[in-house]
Every structure is written in structure tokens, then in C-alpha cells.
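Below is one structure; the comments refer to it alone.
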Amino acid sequence: MFKLQTKQHGAWRTLIWNLKWAHNPFFWIALIGIIITNAIINVVGTLIPAITVSLLARNTPLGSMALIIVGISLVLAGAQWFGPPLDILSKTTAFETQMLQINKFLYDTVRVPYEWLLNPKYDEARFDAARFGLLNMTSGSRQLFSTFVTLMQTAVTIIILLGLLFTIKWWIPLFIIVIGLAADSLQRWHQRYRQRQRKAIAGDYARENYIDRASMSEDGSKDIRLYHLDRALDHEQQQAIQHEQSVNASISMHQFWQESGISVLTGVRNLVIYLNLLTAILTKAISVAGFTYAFNAVSSVSQQLSMFMVAWGEFKQAAHDTDNVRNLFATEDAISNQSATDTAAKLPNVPLPITFDHVYYRYPDADADTISDLNLTIPESTSIALVGVNGAGKSTLVNLVMGLLQPTKGKILLGDTPITQFNRDDYHRYFAPVFQDSDVFADTVAANIALSADFDEDRVNDAIDQAGLRDTIKQLAHGTGTQLTHYIFDDGVELSGGQTQKLMLARALYRDAPVVILDEPTAALDAIAESNVYQHYRQMMHGKTSIFISHRLASTQFTDEIMFMKKGRITERGTHKQLLASGGDYAKLFAIQSQYYGKEEQNEQQA
């Protein structure tokens with residue numbers, strides 16, 4: 001069951017976590033270089049007027065004065081020359097870190113339990129991590145890097161300038177620090193407001209994301225056009241955007257009051273300090289050079305402090321945004337590591353009985369159980385057909401068997417061992433499923449069958465022959481080396497629905513697992529092709545346990561046993577003739593379907 005970690009790690013701990021992703025060994029050199037060059041530019045730039053005044057006051061010879069000024073200028077020029085390359089190196093490291101995190105974000109989707117993908121809360125957590133922590137250039141990990149660099153370079157400059165100010169007027173640095181703390185309080189006040197407002201528009205983000213995905217999906221885009229849903233979707237999106245704009249306007253207004261407060265504090269600070277300095281120079285309490293330095297230093301500190309306060313606010317917000325990513329990764333890693341490190345039972349390579357022991361399953365946010373107190377044993381090396389009306393729980397039962405879903409209550413055993421004691425990835429290899437809506441990947445025919453770049457060509461061809469796909473492969477330009485789909489390759493081939501299902505059947509045959517799952521495997525096949533598959537079904541599945549799901553009751557008669565599901569339970573089981581003779585729900589449903597299947601099914605009923 002998905003439960004997101006919601007720990008607030010703090011800005012500096014989150015920064016340390018983020019820095020661990022920075023594999024560029026020159027990043028720290030760049031960071032130190034940026035701090036040094038920035039300090040040189042600002043401190044020396046502040047000192048030049050005071051140095052010049054001091055030299056003039058001492059009647060320094062013009063040649064010596066010129067030499068000193070030229071030397072200072074060369075130092076400034078060197079610092080300015082080194083600045084851009086160091087900044088580029090720092091930004092490149094931030095970009096590389098962001099890309100590493102995005103790669104993990106995408107990869108983790110296929111590592112987590114399948115049932116997490118059915119949970120809206122997991123989808124919401126991934127959306128928040130992507131929008132605020134990964135894919136936005138002005139927030140998250142990338143922003144954390146850039147604001148950290150700004151914080152360090154301004155902090156060092158401020159410390160040096162305040163230290164020099166302390167030698168002239170000891171109370172000025174302390175007064176500046178007090179005003180800075182007051183400004184920080186205003187920033188924290190605004191940050192709390194911003195976080196509350198973000199929660200208020202979370203639903204708008206989710207709605208926009210859903211509309212975008214529905215519009216881009218192949219199936220959804222057909223319905224949108226055929227049923228003219230474009231205006232309705234546009235109306236929904238405009239409402240979400242308008243509410244989002246309203247909330248963002250509120251945040252901007254709140255930020256205006258925060259910045260206004262900081263401006264007032266800055267004005268008070270400058271007024272008090274400058275008046276005191278003017279009084280000191282008029283009363284000759286400080287030298288002209290000291291006054292010049294102090295006046296410029298206060299101005300430079302004011303500028304650097306403003307940059308520091310802005311960066312500090314953005315740094316804390318970026319850390320909060322990055323927490324979305326960090327908590328998501330920690331939650332995903334915990335379940336993945338559990339699967340990888342648990343002491344797992346040895347998985348057999350032969351069919352064993354599969355037992356449901358008082359199993360319940362309820363989907364996330366559902367009001368009722370889909371599977372309810374199910375007690376069932378599927379004997380090894382037998383073929384079972386699962387039938388029933390839509391929503392009876394057939395696909396859910398199969399997903400539970402394969403470990404894609406975990407029971408809400410009860411346990412499932414393979415032989416005498418609970419399936420939770422097996423390594424999850426190893427347990428999945430125990431099954432060869434064929435789903436009605438399986439995907440064709442953008443790769444060759446052979447790779448789609450073997451699901452690996454390293455495959456046995458002979459086994460691939462055997463699977464193609466058994467699945468009845470040989471005639472299709474012969475028509476392809478490059479045979480089993482033909483690329484499928486147009487997603488990556490312009491000359492990729494798109495298979496028909498029937499060809500795709502045969503490809504999926506070949507995939508299951510190639511895997512040669514002890515248990516074969518066929519979920520509506522002939523739904524897209526014509527009657528002749530469907531009949532051919534059924535004729536070879538027993539031969540293909542010899543010695544294996546096979547579970548076959550179908551809505552067509554007449555197509556299940558070749559199995560050893562038929563199980564009829566109703567409201568999450570097995571209510572009838574037996575052979576086709578036995579179930580017809582019992583006159584239960586199976587017989588009633590078969591009679592209804594026979595009216596539409598034609599004379600062939602009616603003759604089978606009489607047989």
C-alpha cells in the first residue's frame with residue numbers, strides 16, 4: 001500500500017542531499033572560485049574610493065598612486081575574467097544533477113509495485129515532484145544550486161565588509177544584522193502563506209494534467225473529436241487556469257507587502273547609519289577616508305544583503321520543493337530495497353498449486369471490496385477459465401495471482417509458501433501473461449517477443465510459429481528485425497489488433513514460464529483465427545498451469561475447468577457441461593450470449 005513519506009528535512013539537509021548528486025569533481029573548485037572572485041570584486045570595488053582618498057590625503061606621489069590603482073584594476077579585471085567560466089561550470093553541474101534526478105524519477109515508475117500506479121495519491125505525489133521539484137527551471141534542485149551559490153558568495157562578501165565596518169563603527173554591523181533578521185521574519189511569513197496557497201491550487205494542477213494527458217492519448221483524442229468534447233475540456237481548463245491565476249495574484253500581492261516591509265526596514269537602516277556617519281565626519285570623529293569607506297561599504301552591504309535575502313527566500317522555497325522529490329524517492333527506494341534485500345524463499349521452476357486463503361482486495365479510495373473472502377485452489381498443470389460479467393473481479397484475481405496487487409486481507413500461497421516470501425521480481429518471472437491491452441514497444445519484432453536485446457533467434461521463431469504469426473513476419477521488410485511503431489523510427493510498422501495479440505502470445509510462449517495468463521487473448525481476432533488458436537491451445541500449454549479469462553463463454557470449453565465469478569467470489573466451478581446442467585448463473589449467461597454467437601455456439605450447447 002502506498003504511503004508517501006512527508007518528512008520536512010530542512011533547507012541545509014536537503015541541500016546536502018542534493019549535493020550528493022553532483023558527481024562533477026570541479027564543482028567545489030568552481031564554487032570556491034565564485035566566492036573568491038565575487039568577494040574580490042565587491043570588497044576591492046568598495047575600498048577603491050577610500051584608498052584613493054587616503055592616498056591623496058597622504059600626498060602620495062602621482063607615480064606611486066598610479067601604480068597602486070593599476071594593480072588594483074588588474075586584480076579586479078582578473079576576478080571578472082574568471083567569473084563567467086566558473087559560473088558556467090556551476091550551472092552545468094546543476095543541470096547534470098537535475099538530469100540524474102529526472103532519470104531516476106522516470107526509472108522508478110517501473111520499479112514500484114504495480115498497484116501504486118492505480119493509486120491517485122501516488123500519481124499526485126509524482127505530479128508534485130515533477131512540477132515543483134524537477135521540471136521547473138526556477139524551483140527545485142536546480143534552483144537550490146543557483147541560490148546556494150548566490151548565498152555563499154554574498155555571505156562571504158557581507159562578512160568581510162561588516163568586519164571592516166566593525167573597526168570604524170562597531171554598532172553598524174550589529175544594527176545591519178538586526179534589520180536583516182527582521183527582514184527574514186517577513187520572508188518566512190510570506191513563504192508560509194505561499195505554501196498554503198499552493199495546496200489550494202493542487203487540484204487545479206491535477207485537472208490541467210489530466211486534460212493534457214486525455215487530449216494527447218490515442219484513444220482519448222478520438223472520443224474528443226468524435227463527440228466534440230473540445231469545448232467542454234477547454235471550459236474545464238480555463239476554470240482551472242483562472243482559479244490558479246487568482247491564487248497566484250493573491251500570492252503576488254502578499255509578496256508585494258512583504259517586499260514593501262523589507263523596503264521600509266532598509267530605508268530606516270540606511271537613514272540611521274548615514275545620518276550617524278554624516279555627524280561623525282562633521283565632528284571629525286572619523287577620517288575622510290574612513291567616512292568614504294563606511295559610506296560605500298554600507299551601500300555595498302545593502303546591495304549584497306538584498307541579494308542575500310532574496311536568495312535566502314528562494315533557497316528555502318527550493319528546498320521545500322525539493323523535499324517533494326526527496327520524499328518520493330525515499331518512499332520508492334524503501335519498497336524497491338525491501339524487494340531486493342529480503343531473505344527470499346527459493347522460487348520453483350515447475351507449476352505448483354496456487355491457493356487463495358480468505359483473500360480480500362479493495363482498490364484505493366473504493367467503497368467496497370472487489371474480491372471478498374475468496375478461498376480457492378488452482379491445481380498445478382491444469383487449464384482454468386475465469387468467466388463472469390464485467391466487474392466480477394476476474395482481472396483483479398489474476399493480478400493478485402501474479403503479485404501485481406497485494407491482498408487487503410488474507411494470503412496467497414504458491415505451493416505451501418506465501419507469495420510475499422518470494423523476491424518480487426523473481427516471482428513475476430514465474431508468469432507469462434498475455435493482456436488484451438498489452439503494449440508494443442518501439443523496438444524490433446524479435447526484441448518485442450523476447451523483451452531483451454540478447455535473445456535466442458531459434459526460440460523467437462518457434463514462438464512465432466506457435467502463435468500463428470509467421471505469415472505476418474514474412475510480409476515484413478526485415479523479418480524479425482523489423483522495427484515496430486512510429487514513435488522512434490519513421491519506417492516502423494504498426495501491427496493490427498489481431499497481429500498485436502498474436503505477438504503478445506508469442507511473447508508469452510518465448511518466456512516459457514510455469515504459469516500462463518491469457519486475459520481476453522482472442523478479443524481482436526476474427527472467428528477463424530480464434531478457432532485456430534483454441535485448436536492449438538492445449539498443445540501450447542502442455543505441462544503448464546494456464547488461466548484464461550474471457551467474456552465469451554463458448555470459447556472456454558477447451559479448458560479443464562471453468563470458474564464463474566460473481567461479486568468477487570467463485571460461485572460456480574466445473575466443466576462446461578456440468579455448469580450448464582446445474583442451471584445457475586453460468587447457464588443463464590451462456591443462454592443469453594448464445595443468441596448472438598450464432599448456430600455454432602447453439603450446436604455446442606446441444607452437444
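Note that the coordinates shown come from a computational prediction; the quantities given were computed from them, not determined experimentally. For this chain, numbers begin at 1 and follow the sequence in order.
In terms of modelled atom types and a separation under 3.5 Å, the side chain of N448 and the main chain of F441 share a donor-acceptor contact. Under the 3.5 Å distance criterion, the side-chain polar atoms of D184 are left unmatched by any main-chain donor or acceptor of G180.
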> Hey, mind stepping through I34 and M152 against side-chain contact (heavy atoms from CB on, under 4.5 Å) and telling me if it holds?
Replying inline: CA-CA 9 Å; I34 290 172; M152 291 298 99; over 6 Å; no
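More than 12 heavy atoms of other residues, nucleotides or ligands shown are found within 6.0 angstrom of OH on Y274. Around CG of L271, the count of heavy atoms belonging to other residues, nucleotides or ligands within 6.0 Å exceeds 12.
One finds no salt bridge joining D123 and R126 here, because no Lys/Arg side-chain nitrogen approaches an Asp/Glu carboxylate oxygen to under 4.0 Å.
Checked by atom type, the side-chain pair E259/Q255 shows a donor-acceptor distance below 3.5 Å.
If you look at F166 and W171, their ring centroids are not closer than 6.0 Å. Checked against a 6.0 Å centroid threshold, the rings of W189 and H254 count as neighbours.
Each side chain to side chain donor-acceptor pair (under 3.5 Å) pair with one or both residues in residues 277-301, not counting sequence neighbours, appears once here: T46-S300.
Figure legend: cation-pi geometry between K104 and F329, with NZ or CZ positioned under 6.0 Å from the six-membered ring centre and within 45° of its axis.
A side-chain contact (heavy atoms from CB on, under 4.5 Å) with P113 is found for exactly one of L404, I335, L118, namely I335.
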